[in-house]
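This one's a predicted model, so the numbers in the text were calculated from it and none came from an experiment.
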There are 2 protein chains.
Amino acid sequence: MKPNYQLDVAEDCSRAVKRTCHTNPSVSCGDCRLGELCLPIALDAQEIGHLDEIVKRGRNLKKGDYLYREGDEFNSIYAIRAGSFKTFKSSWDGVEQVTGLYLPGEILGMDGISNNRHGGSAVALETGSFCEIPFHQLEELSARIPSLQGRFFRLMGQEIVKDQQMLTLLSSNAAEERVAALLLSISSRNHRRKLSPFNFRLPMTRAEIGSYLGITLETVSRVFSRLSKQNIVAVDNKEIQVLDISALKAVAKVKMGCS
Amino acid sequence: MKPNYQLDVAEDCSRAVKRTCHTNPSVSCGDCRLGELCLPIALDAQEIGHLDEIVKRGRNLKKGDYLYREGDEFNSIYAIRAGSFKTFKSSWDGVEQVTGLYLPGEILGMDGISNNRHGGSAVALETGSFCEIPFHQLEELSARIPSLQGRFFRLMGQEIVKDQQMLTLLSSNAAEERVAALLLSISSRNHRRKLSPFNFRLPMTRAEIGSYLGITLETVSRVFSRLSKQNIVAVDNKEIQVLDISALKAVAKVKMGCS
DNA sequence: GTTGTTCCATGATTTAAGTCAACAGATTTT
DNA sequence: AAAATCTGTTGACTTAAATCATGGAACAAC
């Protein structure tokens, strides 16, 4: 059985001739290889043209740079082209609570829509690039292009579903389930992006993972050790190799994004 | 200091002469006393008229009746007029996970938008009534009425924010914080509805509250006992009286809907 | 009203995860 | 390349909440 995914982004880019690499900042939505994951799905060529006009493409960030901060005025949503981002809130006591992990092709920043103010912050976990889509222009365009409106409704609905899955994950306890579910989620999202679902690098530290999953970093570490000992995954620092995906699913009791 | 809220719904209804009671099934959106909480905010009279044409008003349910079930085809969203509802998912092992609590003026069912299938079930926690809004008609109308589109974007955004607040509540542990936050949330939502923020009846059992908050029913019960002993709230079964709201906020470390 | 359920409170015990602490490996900085 | 900082692992101990168990109160059905 041959894997139908490329092993890494660089390799994929070198293959692409006319579509150009997605890390090329000037590539338009129609040519972006993330097209079938990002906002434009379900739009025809002409509609994508309109969308292209309002999208500010190819902004780059390095690790630790903010996309926006908690309390910032909300102006745009962001489509990730490369790299990974986390969203988080700082609680009264300054402790940061990770609320989301976002990978290429995913949309960020919808937490600002209801109040015109971002409810949390978003930072790059590594060097990355993104497109900025001014929201009021998107709204105007949506009113004129029903399929875009529909697409955006669906996108927001997806965010709701995702958050609610996370919610059930966090209330039905068990540290192991949570960690396993996160690994499966990353795995399946990688698969969607035509990357290996079995080998990937965790973009977050143990502390960030713990914060996201509502457990301590020590517990995260111990769970990795246990899963390792059972030969379910191989863990080398942030490098993860899934050895037995069905066992991993059993541990997770299949909650989050099932592949 | 005089309270500016009515003590209960019945009293409020008896006062209303031309607006008619909101439990009257035939009252239109323009006249519904929930107007300023529900979908129509930000619409003018004519737009509300259009909305009225697609809304199926005044459906009634009794305790335990389903609004929709997990896996059902998604057709409509629902606006609650009276009563309260919970949403939940059943996990593989049949254990039910409460994912949301909905009160009058709130909108239910947006979890179906992305997949055309409801991700969870919704049932009435007590006798209640609601309006059904067929989603595809709402979409069409939204494409023609920009302010309705905007309103709905905002409404979905609100759901996202709400879920993320819940998420941070569940990861930053402490049973007491969670219970306190839930009480404050209900309190402030009651306030918005011009009901007492200090006296209310919990619509859920201890088991449901526990499931929602990711703790056991015994823990919920113990937390109530402790808060009671500290004279922060008076608890008589489901009847709650908030005695010291600032102390309650301190316990909650102010997380969920702050009043 | 009586009977049968469901719901709630509380005690005793167990357990999973948190906390504290020390050290080793990585990564950055200079 | 050395120093300094951040990140990850593991152990020992503590603790908050889960589990198990009982009795009583509230509610529904008949």
Side-chain angles (χ1 to χ4, degrees), chain A residues 62-65 86 93 95-98 123-127 169-183 201-230 233-241 251 253, chain B residues 62-65 86 93 95-98 123-127 169-180 182-183 201-230 233-240 251 253:
Chain A
K62 57 183 203 309
K63 182 174 174 173
D65 286 345
K86 70 172 172 184
D93 59 353
V95 173
E96 108 177 19
Q97 267 291 333
V98 174
V123 306
L125 291 165
E126 58 195 306
T127 303
L169 184 71
L170 291 189
S171 20
S172 107
N173 291 333
E176 243 148 50
E177 283 181 41
R178 301 185 192 193
V179 174
L182 177 63
L183 293 180
R201 189 181 169 74
L202 293 172
M204 298 198 284
T205 66
R206 302 292 189 262
E208 288 165 331
I209 293 171
S211 167
Y212 187 35
L213 299 179
I215 53 186
T216 59
L217 66 105
E218 291 95 331
T219 301
V220 174
S221 183
R222 284 188 240 269
V223 169
F224 278 139
S225 298
R226 269 179 268 158
L227 292 178
S228 222
K229 219 157 280 168
Q230 298 174 264
V233 295
V235 181
D236 174 19
N237 230 299
K238 293 200 167 115
E239 218 59 56
I240 299 290
Q241 199 181 344
V251 172
K253 312 243 183 71
Chain B
K62 57 182 204 309
K63 182 174 173 173
D65 285 346
K86 70 173 173 183
D93 58 355
V95 173
E96 109 177 19
Q97 267 290 334
V98 175
V123 306
L125 291 165
E126 58 195 306
T127 303
L169 184 70
L170 292 190
S171 19
S172 106
N173 291 334
E176 243 148 50
E177 284 181 41
R178 301 185 192 192
V179 174
L182 177 63
L183 293 180
R201 189 181 169 74
L202 292 172
M204 298 198 284
T205 66
R206 302 292 189 262
E208 288 165 330
I209 293 172
S211 167
Y212 188 34
L213 299 179
I215 53 186
T216 59
L217 66 106
E218 291 96 330
T219 301
V220 175
S221 182
R222 284 187 239 270
V223 168
F224 278 139
S225 298
R226 270 178 266 158
L227 293 178
S228 223
K229 222 157 278 168
Q230 298 174 264
V233 296
V235 182
D236 175 18
N237 230 299
K238 292 200 167 113
E239 219 57 57
I240 299 289
V251 172
K253 311 243 182 72

Checklist entry - In terms of the nearest nucleotide of DNA chain C, which residue is placed more toward the 5' end: A:D236 or A:E176? => result A:E176

Checklist entry - Across the strands shown, which category fits B:I215 at heavy-atom distances under 4.0 angstrom: base, sugar-phosphate, nothing? => result sugar-phosphate

Next on the checklist: Rounded to whole Å, please give me the gap between CD in B:E218 and P in D:dG23.
Outcome noted: 16 Å

Checklist entry - Taking N and O atoms by type only, does the side chain of A:R222 place a donor or acceptor under 3.5 Å from a partner on the base of C:dT19? => result yes

Checklist entry - What nucleotide among C:dT28, C:dG18, C:dC7 has an atom nearest to a side-chain atom of A:K63? => result C:dT28

Item to check | Nucleotide D:dT7, atom P - distance to CE of A:M204 in whole Å | outcome: 13 Å

Next on the checklist: Measuring only between side-chain heavy atoms, which start at C-beta, is A:V179 closer than 4.5 Å to A:I215?
Outcome noted: yes

Item to check | B:E96-B:S211 side chain donor-acceptor pair, cut-off 3.5 Å | outcome: no

Next on the checklist: Within the structure provided, determine whether B:L202 and B:L183 are in side-chain contact (heavy-atom separation under 4.5 Å).
Outcome noted: yes

Checklist entry - Does any non-hydrogen side-chain atom of B:Y212 lie less than 4.5 Å from one of B:V220? => result no

Checklist outcome for this item: Rounded to whole Å, the CG-P distance (A:L202 to C:dA26) equals 16 Å

Item to check | Atom-to-atom span, CD of A:E239 to C1' of D:dT7 - whole angstrom | outcome: 15 Å

Item to check | Euclidean distance, atom CG of residue A:L170 to atom C1' of C:dA17 [Å, nearest integer] | outcome: 15 Å

Next on the checklist: With heavy-atom distances below 4.5 Å as the criterion, would you say the side chains of A:V123 and A:K63 are in contact?
Outcome noted: no

Checklist outcome for this item: Out of C:dG18, D:dA26, D:dA18, minimum distance to the side chain of B:T219 belongs to D:dA18

Checklist entry - B:K238 has an atom NZ; how far is it from atom P of D:dC27, in whole Å? => result 8 Å

Item to check | For atom NZ of B:K229 and atom C1' of C:dA9, their distance in whole Å | outcome: 10 Å

Next on the checklist: Please determine whether a side-chain nitrogen or oxygen atom of A:T216 lies at a distance below 4.0 Å from atom OP1 or OP2 of C:dA17.
Outcome noted: no

Next on the checklist: Mind checking if B:S221 touches a base, just sugar-phosphate, or nothing, with heavy atoms under 4.0 Å?
Outcome noted: base

Checklist entry - A:L217 has an atom CG; how far is it from atom C1' of D:dT10, in whole Å? => result 12 Å

Item to check | 5'-most by nearest nucleotide on DNA chain D - A:F224 or B:A175 | outcome: A:F224

Next on the checklist: Mind checking if A:T205 touches a base, just sugar-phosphate, or nothing, with heavy atoms under 4.0 Å?
Outcome noted: sugar-phosphate

